[in-house]
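Structure record follows, encoded as structure tokens.
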Amino acid sequence: MDEQATATEEPSTQAHSDAALIRLEGVHKIYDLGEVQVHALRGVSLEILAGEFVAVMGASGSGKSTLMNILGCLDRPTRGHYYLDGTDVSQFSKVELARIRNRKLGFVFQQFNLLARTSALENVELPTIYAGITPQEREQRARESLARVGLAGRAHHFPSQLSGGQQQRVAIARALVNRPTILLADEPTGNLDSRTSVEIMDILQRLNEEEGLTVVLVTHEQDIAQYAKRALDFRDGKLRRDTPVRDRLIAREVLPTLPSLQDDDAAGET
Amino acid sequence: MDFWNTLRLALRALARNKLRSALTMLGIIIGVGAVIATVSIGQGAEYLVQQGIQSMGTNAVFIAAGSGRPGGARLGSWAVKTLTIDDMNAILREVSLIREAAPAVVSRVQVVYQNQNWNTGITGTTPNYFRIRSWPVQAGSIFGQDEVDSAANVCLLGTTVARILFGDVDPVGKQIRIGQLPFRVVGVLESKGQSVMGDDQDDRIFAPYTTVQRKISGITWIQFINASAVSREASNAAVAPITALLRERHHIRPGEDDDFFVRTQSDVADLADQTQRVMTLLLGSIASVSLIVGGIGIMNIMLVSVTERTREIGVRMAVGATESDVQQQFLVEAVTLSMAGGLLGIGVGLIGSALISNFLAWPTLISVKAIIAAAIFSAAVGIFFGFYPARKAAQLDPIEALRYE
């Protein structure tokens with residue numbers, strides 16, 4: 001897993017199909033709601049290479065959430081193929097998909113989705129429980145992961161004792177703990193103020209730049225998409241536009257220009 | 001995910017809602033506690049019955065005048081005049097399985113010693129009686145055969161009678177009045193306690209049967225024969241020849257009812273066994289009902305818990321939990337609830353039966369079998385009632401679950 005992440009560093013959008021980490025071929029998704037059939041995806045084909053930072057854009061109903069669910073192995077395409085790391089996973093069983101989610105994918109959600117009344121450390125440990133590793137290694141990995149998002153000192157805090165930005169960082173640490181190949185972030189800044197949003201984007205950019213982690217970011221906010229390297233525009237279940245991001249923003253450079261709204265949150269942690 | 005992890009998770013989830021978990025367990029605690037307590041009371045009762053049976057003497061065969069069969073108009077032991085001392089002698093002579101026998105003639109009498117008096121039962125019998133019932137004297141001695149032959153005015157006292165009439169005074173050799181007649185107390189029997197039927201066996205006076213027949217009751221027949229067979233098995237085998245012999249001697253034609261009945265210790269033991277079985281069945285059904293009610297409580301709470309934790313389930317699935325991981329997690333939670341309830345219930349039951357022993361002076365026997373059964377049963381309740389909620393959790397669609405508000 002890690003080999004591919006580090007092997008392809010160049011942010012090229014035009015590479016060989018074999019090197020693609022994610023490859024969709026004519027993917028359709030039809031929801032059968034009994035009386036009506038909702039055609040959420042209408043033949044999507046795309047490739048994402050290792051080390052890319054892709055923003056998936058689109059209004060609600062554009063199919064971007066459906067795409068995210070399929071990329072995240074939470075759902076299977078009705079038609080078409082999904083090659084993840086060279087393997088066609090479109091017909092995988094639920095158990096196989098769960099295993100892929102556990103080992104290759106990391107999720108970050110808009111709602112953070114941390115377990116309440118559970119310490120940050122244990123929240124981060126959650127994916128390792130299902131990975132069959134020893135308790136000692138689990139805790140070690142969770143601590144490392146928390147350190148990567150700058151929350152080493154908050155390991156024993158409960159989510160209720162953390163700010164929104166910190167909670168989202170815990171969620172990112174959780175996504176990273178099993179050393180995934182791909183990080184899938186679904187509106188990760190949707191519940192955060194603008195400064196905290198940029199801080200989160202900073203973390204994602206650093207992970208992408210420094211560790212070669214492939215990031216797929218779903219957002220409907222144009223200014224958040226500006227932090228990605230490549231933007232995919234969806235409308236009516238189809239991929240309408242696939243363009244490299246021009247005038248890409250670098251969060252590290254943007255942050256000093258922003259007024260510090262939450263002094264307590266920013267202090268000492270980032 | 002390994003078992004210890006799952007158990008740890010379950011304990012943590014339950015600890016998060018302590019009050020709710022405790023209330024959920026309460027159903028099982030009460031159910032199991034009630035079972036343990038009632039079973040130990042039942043076992044105590046069985047112990048009493050067994051003791052009672054042993055106190056009547058082993059190998060005993062009991063013959064009573066009157067019909068023992070149900071149906072039709074019957075005469076009681078008191079009114080049937082056909083059983084005689086000759087019948088007893090014939091049995092001893094002709095039924096080789098019977099080793100010894102003693103007659104019994106009973107009546108109620110007023111007994112007086114100085115200014116104390118007491119209404120009690122008197123049994124007229126022979127010295128054999130006390131050997132058959134393995135009932136020794138604690139003071140003095142048992143009257144002899146010559147006193148039976150001469151219908152002497154001698155008597156033995158049960159401890160209750162002795163206490164009431166004499167208090168701390170030694171009754172042996174003292175003169176008492178039974179009805180209008182003076183009797184000499186020759187001995188005091190050991191205490192035998194309550195009978196199977198619950199009456200005080202020590203509240204009784206014994207005298208030669210001839211004396212009771214002629215001087216107290218004014219009859220020529222006897223009411224009971226207490227016999228002893230050569231062995232336990234022989235006591236059952238002797239019933240048929242005794243019955244045949246007595247029918248012949250009483251000139252009872254085929255088809256007519258017996259005017260006596262024969263009972264053995266094993267009849268009594270069988271009866272006790274049967275009572276015990278009914279009791280066990282009854283307790284078992286009470287237990288099942290309360291455990292099922294407790295189980296429904298667990299199921300209810302687990303369903304609530306699954307709904308409340310839909311998002312958690314979604315997250316777990318998103319980060320790699322399989323359906324069976326989720327199912328296992330919730331199942332283990334349910335079983336942990338029910339097992340913990342079961343163990344606490346066992347504690348409650350033990351404490352409860354100890355209290356009953358203490359305050360109601362009723363012997364209780366702790367049944368290891370009941371404890372093991374309660375533990376297994378409560379686990380089974382957890383599995384049975386936890387299965388559906390766990391299945392429901394496992395079958396959640398992770399996408400829906402993550403979106404659940």
Side-chain angles (χ1 to χ4, degrees), chain A residues 29 31 40 65-66 68-70 72-76 92-119 122-135 138 158-159 170-171 173-178 180 184 186-187, chain B residues 1-22 301 304-333 336 390-405:
Chain A
K29 183 67 194 182
Y31 292 107
S65 294
T66 306
M68 196 63 171
N69 289 338
I70 288 174
C73 290
L74 288 165
D75 207 349
R76 283 174 291 209
F92 266 25
S93 70
K94 284 185 182 178
V95 175
E96 290 170 312
L97 289 178
R99 194 179 157 80
I100 287 184
R101 290 198 296 271
N102 186 238
R103 307 294 160 87
K104 296 204 172 182
L105 304 173
F107 288 91
V108 178
F109 308 95
Q110 183 179 356
Q111 308 289 350
F112 320 141
N113 279 333
L114 299 179
L115 303 190
R117 289 192 260 182
T118 305
S119 72
E122 284 173 306
N123 262 297
V124 174
E125 263 187 54
L126 193 65
T128 64
I129 293 174
Y130 302 103
I133 45 183
T134 63
R138 291 211 313 253
F158 291 131
V170 172
R174 179 178 66 192
L176 297 176
V177 74
N178 273 352
L184 295 165
D186 191 355
E187 305 268 12
Chain B
M1 192 161 51
D2 64 275
F3 177 75
W4 291 113
N5 257 320
T6 319
L7 186 67
R8 213 169 56 102
L9 266 179
L11 289 175
R12 180 140 347 137
L14 297 176
R16 236 171 254 150
N17 271 306
K18 286 187 188 72
L19 180 64
R20 184 200 282 182
S21 304
I301 286 304
V304 170
S305 177
V306 169
T307 309
E308 270 184 0
R309 287 153 70 191
T310 299
R311 239 163 201 282
E312 177 193 328
I313 295 163
V315 173
R316 286 183 185 278
M317 286 178 156
V319 302
T322 60
E323 283 186 13
S324 64
D325 285 333
V326 173
Q327 172 148 358
Q328 202 185 53
Q329 183 189 340
F330 280 86
L331 200 54
V332 168
E333 257 178 55
T336 306
R391 189 90 214 107
K392 213 180 146 185
Q395 284 179 339
L396 284 175
D397 175 14
I399 299 166
E400 299 284 327
L402 282 168
R403 237 184 264 145
Y404 185 84
E405 292 294 331

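Chain naming here is simple, since letters A, B, ... match the order of the sequence lines and numbering starts at 1 in each.
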message: Apply side-chain contact (heavy atoms from CB on, under 4.5 Å) to residues Tyr130(A) and Arg316(B) and explain how you reach the verdict.
response: CA-CA 9 Å; Tyr130(A) 302 103; Arg316(B) 286 183 185 278; 2.9 Å; yes
- prompt: Is it the backbone or the side chain of Ala131(A) that comes under 4.5 Å from a heavy atom of chain B, or both, or neither?
  reply: neither
Asn69(A) and Thr66(A): side chain donor to acceptor below 3.5 Å: no
- line: Between Ala175(A) and Phe107(A) the two heavy atoms that sit nearest each other are CB-O, 3.4 Å
message: For the interface with chain B, which of Val95(A), Leu115(A), Leu114(A), Thr128(A) has the highest count of heavy-atom pairs at distances below 4.5 Å?
response: Leu115(A)
message: Suppose a student defines contact as a heavy atom less than 4.5 Å from any heavy atom of chain A. Which residues in residues 306-314 of chain B would they list?
response: Arg311(B), Glu312(B)
message: Between Lys29(A) and Asp75(A), does any side-chain N to carboxylate O distance fall below 4.0 Å?
response: yes
message: Need one label for Gln110(A): side chain, backbone, both or neither, based on atoms under 4.5 Å from any heavy atom in chain B.
response: neither
- prompt: Would you say the side chains of Arg16(B) and Thr118(A) form a donor-acceptor pair under 3.5 Å?
  reply: yes
task: Could you walk me through whether Arg391(B) and Glu323(B) pass the side-chain contact (heavy atoms from CB on, under 4.5 Å) test, one step at a time?
output: CA-CA 9 Å; Arg391(B) 189 90 214 107; Glu323(B) 283 186 13; 4.1 Å; yes
message: Restricting to non-hydrogen atoms, name the atom on Leu184(A) and the atom on Gly72(A) that form the minimum distance, rounded to 0.1 Å.
response: CD1-CA, 3.3 Å
